[in-house]
Amino acid sequence: MAKEKSSSGNFFQNLFASLFGSDDPEFEKKRKLKAIAKRLSKSHYHFYKAGSSEVLPAFAKLLYEIYKIIVPAQNMFQNAQNQNAIKHSVIEYFLSENQRKLEEQLTEEAIAEKSKTMPVAQLTKYIQEALDSFVSDFTAERITMIEQRYHELMLFKDFCLYDFYFVLKKFDASLVEKQFNTTPQFGKIAGDYVADDIKDFSTVMGNLTEIVDWAPLMKMLKDVRGVEPVSPGVWKKIVARLQNIQTSNVLDMMVQLITANPNYLPAIGKAQTPIVDPFINKFKLETTAVMRKLESAEKSSKVNDILVKLFDTSDVSYLKSYTAQNSSTLEKKKLHRYLYCDPLNYLKAFLIEFCKTDIREYCELVLIRGKWTETSLSQPLSDAYNDLLAASDAITTFDQNLAEDGAVGIKIKTLLPRTQHDADAASIINRLVGDANNEAKAFIMNATRHLITIGKTMKDLIEDEARKAPVMIINWKEIEKFADRTPRDTAVLSYKRIYLFTTLMQTCMAASK
């Protein structure tokens, strides 16, 4: 009796729920699924049998018909996996004639060829103007067109690369990939076996059907590839059929029933990836890099020429610790680098090779033996000369401090292994390197300023020595007796060297920025 009462109670409970609804989530879920199954049965697409939860051969036939048509396009995309190359080909297709000409002029080879007949400064201006013209031709209309075609291409690609064969193989195990000379024998299969495949197809199909007009993309593909991967007319029919399926929601209902999830909705809506701005930025960077390479090569050539004129060789090495080699060790650890290795090294060489020889000989000759008409005329030369002599010893001490056993070098050596896991260690090294760079720059700037002072004074003294009535030093004839060669000859030679050296410093410091 109790059993009959329970059965009677469930009957009236279900009747009540059907009339007025229910708070039972499971009952509501079943009610929704039953309604979905009823709607699906009324659809003219017979892809699924709700009673047995089976996907029917008609669905496989749909995929097979599409698969046969899109195989050429599938092959095209499988052979063109480089995404950047695809982006580039779309952009290239829409370049104006002016842009195509400018693009040819802005290749590394074209720029290098032009540099043979045009000074680098003039070439830099020419390249910048060409670059500005190239970028300005990317009008808002052109950019919109490029972005839209690329978006369409990605939707088309995603659809074509859907693994039709993998899914169809589940319906007919004897199916051979990309072979269509026999008629496949598709059978019905359990829905949960292909639920994820249906979801994926629903997504690529849904994204595809958002495009209204595929003709421009098909024309672009034919122009770029030389052949049509899919006949435009056939493709139009495929899209129309897919749009009808999309409108019917038949695939969504199939998934909802197979997964017993009445709330399932496909993830449709592929985000558009901008490609024009990244292309422009990359183009600018590459063109600028070519120009910097040329400028660097010109500066390097100029530096080498000056070094040979000054030292009879371009291989000049006087510093042991503040060097490019030690700087590379720091850079590998992503730490600050030594910025002024070359100019400080050349300064040390100049101080030893010339300031302590010919320049020293001349300065001591005119300062000690010369009778100056006014002390104020000799004071700048005296101060600059003495400061330069002191700078040579100071640079040696500076370089020694950076050695592995030096006061600063030993700190860097100790902290270097800890930089990967200790931010404080990296911070301390960066501070020490920064201090060293500031000190090196100060040496270079001060020494160059002193050499300019000496050079200007030498020029004035050369002119003074040639006068019948000197106005700076009045005993030139007497001074000549204490020198192996005339003061003028020594001054002219030293002045030329100072001029070359200041030009060298200017070039090196510009390259160090």
Side-chain angles (χ1 to χ4, degrees), residues 76-77 79-116 118-158 161 207 210-211 216-217 219-221 223-225 269-300 327-328 331-337 339 430 510-513:
M76 178 185 75
F77 287 119
N79 295 328
Q81 290 297 316
N82 189 325
Q83 197 64 24
N84 288 329
I86 294 174
K87 293 175 183 177
H88 191 78
S89 66
V90 175
I91 294 171
E92 286 287 328
Y93 180 76
F94 288 101
L95 293 181
S96 66
E97 285 304 313
N98 179 53
Q99 284 178 311
R100 295 183 197 282
K101 292 177 183 177
L102 291 171
E103 192 177 35
E104 291 179 3
Q105 295 171 17
L106 294 173
T107 62
E108 184 171 0
E109 295 77 12
I111 293 173
E113 189 63 30
K114 208 161 191 68
S115 69
K116 296 176 182 178
M118 187 181 289
V120 171
Q122 185 180 344
L123 180 60
T124 300
K125 183 180 178 182
Y126 166 83
I127 295 301
Q128 188 59 56
E129 290 175 351
L131 190 57
D132 291 343
S133 178
F134 179 82
V135 173
S136 66
D137 266 15
F138 280 106
T139 60
E141 182 182 2
R142 191 184 303 278
I143 291 174
T144 299
M145 193 183 305
I146 293 171
E147 302 289 6
Q148 180 62 24
R149 285 300 91 78
Y150 177 72
H151 179 58
E152 293 167 358
L153 181 60
M154 289 303 96
L155 297 181
F156 182 61
K157 176 189 174 188
D158 289 347
L161 291 181
N207 288 333
E210 75 174 55
I211 306 302
L217 176 68
K219 181 181 184 303
M220 183 187 80
L221 289 174
D223 291 343
V224 172
R225 305 291 301 184
K270 187 178 178 71
Q272 287 194 236
T273 303
I275 64 170
V276 176
D277 282 347
F279 170 83
I280 292 173
N281 292 335
K282 184 172 181 288
F283 192 85
K284 285 180 177 179
L285 286 173
E286 289 175 346
T287 306
T288 302
V290 172
M291 285 309 305
R292 285 178 178 169
K293 186 177 177 181
L294 284 174
E295 290 168 355
S296 178
E298 184 194 43
K299 288 175 182 176
S300 179
S327 182
S328 67
E331 289 181 79
K332 287 176 183 176
K333 297 279 189 177
K334 300 188 183 304
L335 299 168
H336 292 178
R337 63 187 178 89
L339 296 175
N430 285 338
S512 298
K513 291 179 180 178

*Asks:* About how many Å separate OH of Tyr93 and CE of Met145, when rounded to the nearest 0.5 Å?
*Replies:* 10.0 Å
*Asks:* Given 3.5 Å as the limit, does a donor-acceptor pair link the side chain of Arg142 with the main chain of Phe94, or not?
*Replies:* yes
*Asks:* Could you name each residue pair satisfying side-chain hydrogen bond (donor to acceptor under 3.5 Å, both in side chains) that touches residues 275-288, not counting sequence neighbours?
*Replies:* Lys282-Glu286
*Asks:* Roughly how far, to the nearest 0.5 Å, is the CG atom of Leu106 from the CE atom of Met291?
*Replies:* 10.0 Å
*Asks:* How many angstroms lie between CZ in Arg337 and CD in Glu331, if you round to the nearest 0.5 Å?
*Replies:* 5.5 Å
*Asks:* Is there a side-chain contact (heavy atoms from CB on, under 4.5 Å) between Leu153 and Phe77? Walk through the geometry before answering.
*Replies:* CA-CA 10 Å; Leu153 181 60; Phe77 287 119; 3.8 Å; yes
*Asks:* Do Asn207 and Met154 have side chains that get closer than 4.5 Å, going by heavy atoms?
*Replies:* no
*Asks:* Indicate yes or no: does Lys101 engage Glu104 in a salt bridge with an N to O separation below 4.0 Å.
*Replies:* no
*Asks:* Is there a donor-acceptor pair under 3.5 Å between the side chain of Thr144 and the backbone N or O of Ala140?
*Replies:* yes
*Asks:* Can you tell if the side chain of Lys114 reaches within under 4.5 Å of the side chain of Ile127, non-hydrogen atoms only?
*Replies:* no
*Asks:* Side chains of Met220 and Glu152, heavy atoms from C-beta outward: is any pair under 4.5 Å?
*Replies:* no
*Asks:* How many angstroms lie between CD in Gln83 and CD1 in Ile275, if you round to the nearest 0.5 Å?
*Replies:* 9.5 Å
*Asks:* Measure the CG-CD distance between Leu95 and Glu103 for me, rounded to the nearest 0.5 Å.
*Replies:* 5.5 Å
*Asks:* Take Glu97 and Arg100 through the salt bridge (charged side-chain N to carboxylate O under 4.0 Å, His left out) test and state the conclusion after the steps.
*Replies:* CA-CA 5 Å; Glu97 285 304 313; Arg100 295 183 197 282; 3.8 Å; yes
*Asks:* When rounded to the nearest 0.5 angstrom, what distance separates CE in Met76 from CZ in Phe156?
*Replies:* 6.0 Å
*Asks:* Taking Lys293's backbone N and O only, do any of them form a donor-acceptor pair with Ser296's side chain (distance below 3.5 Å, no angle check)?
*Replies:* no
*Asks:* Would you mind writing out the side-chain donor-acceptor pairs for residues 129-137 within the sub-3.5 Å range, not counting sequence neighbours?
*Replies:*
from   : atom 1 : to     : atom 2 : distance (Å)
Asp132 : OD1    : Gln128 : NE2    : 3.0
Ser133 : OG     : Asn98  : ND2    : 3.4
Ser136 : OG     : Asp132 : O      : 3.3
Ser136 : OG     : Ser133 : O      : 2.9
Asp137 : OD2    : Ser96  : OG     : 2.8
Asp137 : OD2    : Asn98  : ND2    : 3.2

*Asks:* Tell me, please, which residues at least two apart from Val276 pass side chain to side chain contact (heavy atoms under 4.5 Å, CB included).
*Replies:* Phe138, Ile143, Ile146, Glu147, Ile280
*Asks:* Could you label the plane-to-plane angle of the His88 and Phe279 rings as parallel, tilted or perpendicular, counting under 30° as parallel and over 60° as perpendicular?
*Replies:* tilted
